[in-house]
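Just so it is clear, the structure is predicted and the values come from calculations on it, not from any experiment.
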Amino acid sequence: MARFGLGLIATRSAGELVDLVRTAEQLGFDFCNLSDDPSARDPYAVVAAAATVTSTIRLGFSATHVYLRDPTLIAQSLATIDELSGGRVEAVVSFGDPSILDTYHVEWRGRRPLDRVREAIEVMRAYLDDGVVDHQGASFRYSGLQAGVRPIQAHVPLFVGALGGPRSFELAGEVADGVQCGSTSAENSAYVVDHVRAGAKRAGRDPDTLQMGAYCFIAVSADGTAAVEAARRMTAGLLGSYPESMILRHGLDPAQVAPITAALEDGDMARALELTTPEIGEALTIAGTPEVCAERIRTDLVEPGIDHVQLAILEPAAVEADTGSRVDGLPDIRRQLQLVHDGVIAAV
């Protein structure tokens with residue numbers, strides 16, 4: 001049975017974000033993750049605040065990154081928030097968004113970033129599970145670091161965030177509690193699940209104990225046309241972060257996408273929007289009426305083996321902020337949350 005969560009991009013005020021987490025809990029969402037982006041609100045502060053006003057929803061980050069954050073400090077924050085929440089914290093871990101790393105002038109290309117993720121998870125597990133970190137690795141070194149805070153949970157879940165693969169998916173199976181990928185196609189979902197399972201088996205682990213998670217952008221409206229248009233516009237700005245292998249597994253031709261990413265690199269959002277067809281938007285998001293969205297989630301995610309579905313709702317304010325234009329007929333985030341609860345999750 002699939003579990004459903006809310007993915008929040010931390011661009012709203014901290015108070016609004018906390019209130020949305022509380023609303024998601026009231027609607028019965030299983031978990032809520034905040035993005036870790038230095039241009040937005042500090043997700044650790046927001047999640048800590050949300051932990052004090054909620055009681056059942058699991059709380060975490062999607063994804064927190066191990067170039068800009070030291071893994072011992074991530075683990076310290078997780079243990080502290082686990083204490084605040086009574087044992088409800090988890091985290092998706094990755095090496096980070098390449099565009100953000102470039103902004104910070106981080107030299108990551110050719111530096112085996114997945115090895116850094118592997119090592120960071122080893123460090124975090126030592127901190128969270130044992131309370132002592134003695135580690136001499138290629139990326140991180142600590143001698144007798146003592147953890148002064150202990151989590152409530154016996155095992156705080158750590159997942160690998162990945163898009164391209166296959167090595168990143170296999171790494172999740174080898175060392176983490178599962179994966180969180182970006183997926184809205186059955187082909188891609190099955191590919192991810194197969195490689196996570198292969199990694200687990202190679203490491204002598206039971207793949208059936210691991211979470212197969214997917215993060216997807218969703219626009220839901222009784223006016224399906226408005227939802228599809230919102231998805232098209234938002235996709236135009238997202239394409240630059242998607243690797244070619246992921247594009248292919250979503251049934252798209254990279255040659256069709258290349259002019260859009262080139263326009264984005266030139267800062268020409270108008271041109272990127274012009275080139276982004278509704279078909280591209282629908283391939284890389286889930287959009288339409290509740291009935292259409294429920295069927296997409298069932299066939300493109302759940303049936304191929306995804307059991308944790310994180311939904312990032314494309315709301316009018318986000319569409320306008322990213323594209324400079326509004327979409328008539330697109331409900332606000334609270335109305336879409338209700339539509340997802342009533343007409344999507346219930347159906348799936």
Side-chain angles (χ1 to χ4, degrees), residues 1-9 20-33 56-60 62 88 90 92 157 159 161 169 177-194 196-197 207-228 230-231 234-235 246 249-251 281-315 330-348:
M1 181 175 176
R3 296 173 69 235
F4 287 86
L6 174 64
L8 287 174
I9 301 172
L20 284 171
V21 177
R22 187 162 43 191
T23 298
E25 178 178 79
Q26 292 167 350
L27 288 171
F29 281 78
D30 297 298
F31 61 97
C32 181
N33 287 342
T56 59
I57 193 168
R58 293 192 63 80
L59 303 167
S62 176
R88 292 183 284 130
E90 56 191 46
V92 180
F159 312 109
F169 306 138
D177 295 295
V179 74
Q180 186 186 84
C181 65
S183 189
T184 50
S185 84
E187 178 185 350
N188 187 69
S189 297
Y191 181 90
V192 172
V193 170
D194 287 347
V196 173
R197 294 182 68 86
D208 291 335
T209 65
L210 303 182
Q211 170 181 303
M212 305 294 178
Y215 183 105
C216 57
F217 290 95
I218 185 170
V220 189
S221 175
D223 180 354
T225 302
V228 170
M234 287 296 288
T235 301
M246 180 182 172
R249 292 194 299 269
H250 283 75
E282 289 184 276
L284 293 170
T285 64
I286 291 175
T289 63
E291 295 78 12
V292 167
C293 292
E295 184 60 22
R296 283 285 310 280
I297 290 172
R298 182 184 298 109
T299 58
D300 290 331
L301 298 175
V302 176
E303 289 179 359
I306 298 297
D307 55 23
H308 283 60
V309 180
Q310 181 170 307
L311 302 173
I313 292 175
L314 300 179
E315 56 166 322
L330 183 67
D332 66 21
I333 189 169
R334 293 182 181 280
R335 177 56 183 154
Q336 287 196 62
L337 274 172
Q338 192 70 54
L339 288 170
V340 167
H341 172 267
D342 296 345
V344 179
I345 294 176
V348 177

Please report the C-alpha distance between Ile286 and Ile297 in whole Å, then the side-chain angles of each, then the deciding distance to 0.1 Å, and finally whether the side chain to side chain contact (heavy atoms under 4.5 Å, CB included) criterion is met. CA-CA 8 Å; Ile286 291 175; Ile297 290 172; 3.6 Å; yes
Please check this pair: side chain of Asp177 against backbone of Thr209, looking for a donor-acceptor N/O pair closer than 3.5 Å. no
Output the distance between atom OG1 (Thr23) and atom NE2 (His341), rounded to the nearest 0.5 Å. 12.5 Å
Given side chains that start at C-beta, do those of Tyr191 and Val196 come closer than 4.5 Å, heavy atoms only? no
Quick one: pull up NE2 in His250 and OG in Ser183 and give me the separation to the nearest 0.5 Å. 4.5 Å
Given salt bridge (charged side-chain N to carboxylate O under 4.0 Å, His left out), test Arg298 with Glu295 step by step and report yes or no. CA-CA 5 Å; Arg298 182 184 298 109; Glu295 184 60 22; 2.5 Å; yes
Could you pull out all residues at least two apart from His308 that satisfy side-chain hydrogen bond (donor to acceptor under 3.5 Å, both in side chains)? Arg3, Gln211
On a heavy-atom basis, the closest approach of Tyr215 and Ala312 is OH-CB, 3.3 Å
In the structure I gave you, are the side-chain heavy atoms of Ile218 and Val220 within less than 4.5 Å of one another anywhere? yes
Atom CD1 of Ile57 and atom SG of Cys32: how far apart are they, to the nearest 0.5 Å? 5.5 Å
Rounded distance (nearest 0.5 Å) linking atom CE of Met212 with atom CG of Leu210: 5.5 Å
By side-chain hydrogen bond (donor to acceptor under 3.5 Å, both in side chains), which residues pair with Asp342, not counting sequence neighbours? Gln338
Tightest non-hydrogen contact, residues Thr289 and Ala222, listed as CG2-O, 3.8 Å
Which is it for Asp332 and Leu337 under the side chain to side chain contact (heavy atoms under 4.5 Å, CB included) test, yes or no, and what are the steps along the way? CA-CA 9 Å; Asp332 66 21; Leu337 274 172; over 6 Å; no
Contacts of Ser185 meeting side-chain hydrogen bond (donor to acceptor under 3.5 Å, both in side chains) (sequence neighbours excluded), chain-then-number -> none
For Val344 and Glu291, run side chain to side chain contact (heavy atoms under 4.5 Å, CB included): C-alpha distance rounded to whole Å, both residues' side-chain angles, the deciding distance at 0.1 Å, then the answer. CA-CA 7 Å; Val344 179; Glu291 295 78 12; over 6 Å; no
Rounded distance [0.5 Å steps], CD in Gln310 versus CZ in Phe159: 10.5 Å
Residue pair Glu25 / Thr56: nearest heavy atoms and the distance that separates them: OE2-N, 2.6 Å
Does the side chain of Gln336 pick up a donor-acceptor pair with the side chain of Ser221 at under 3.5 Å? no
Should Phe29 and Val340 count as side-chain neighbours, where that means a heavy-atom distance under 4.5 Å? yes
Would you say Asp307 and Val302 make side-chain contact, with heavy atoms under 4.5 Å? no
Rounded to the nearest 0.5 Å, what's the gap from CG on Leu311 to CD1 on Ile345? Could you check? 6.5 Å
Considering all heavy atoms, the nearest Leu330-Leu314 contact: CD2-O, 3.6 Å
Taking the side chain as every heavy atom from C-beta outward, state whether Glu282 and Val228 have any atom pair closer than 4.5 Å. yes
With sequence neighbours left out, what residues match Arg296 under side-chain hydrogen bond (donor to acceptor under 3.5 Å, both in side chains)? Asp300
Just by modelled atom types, is the Gly60 backbone N or O under 3.5 Å from a matching donor or acceptor in the Asn33 side chain? yes
What one should report as the nearest heavy-atom pair of Val92 and Ser62 is CB-CA, 4.0 Å
The criterion is salt bridge (charged side-chain N to carboxylate O under 4.0 Å, His left out); which residues satisfy it with Glu90, sequence neighbours excluded? Arg58
Looking just at side-chain N and O atoms, do Thr235 and Thr285 make a donor-acceptor pair shorter than 3.5 Å? no
Which atom of Ala190 lies closest to which atom of Pro304, heavy atoms considered: N-CB, 3.8 Å
Residues passing the side-chain contact (heavy atoms from CB on, under 4.5 Å) test with Ala226, sequence neighbours excluded, are Asp223, Val327
Can you check whether Phe4 reaches Phe31 side chain to side chain, under 4.5 Å on heavy atoms? no
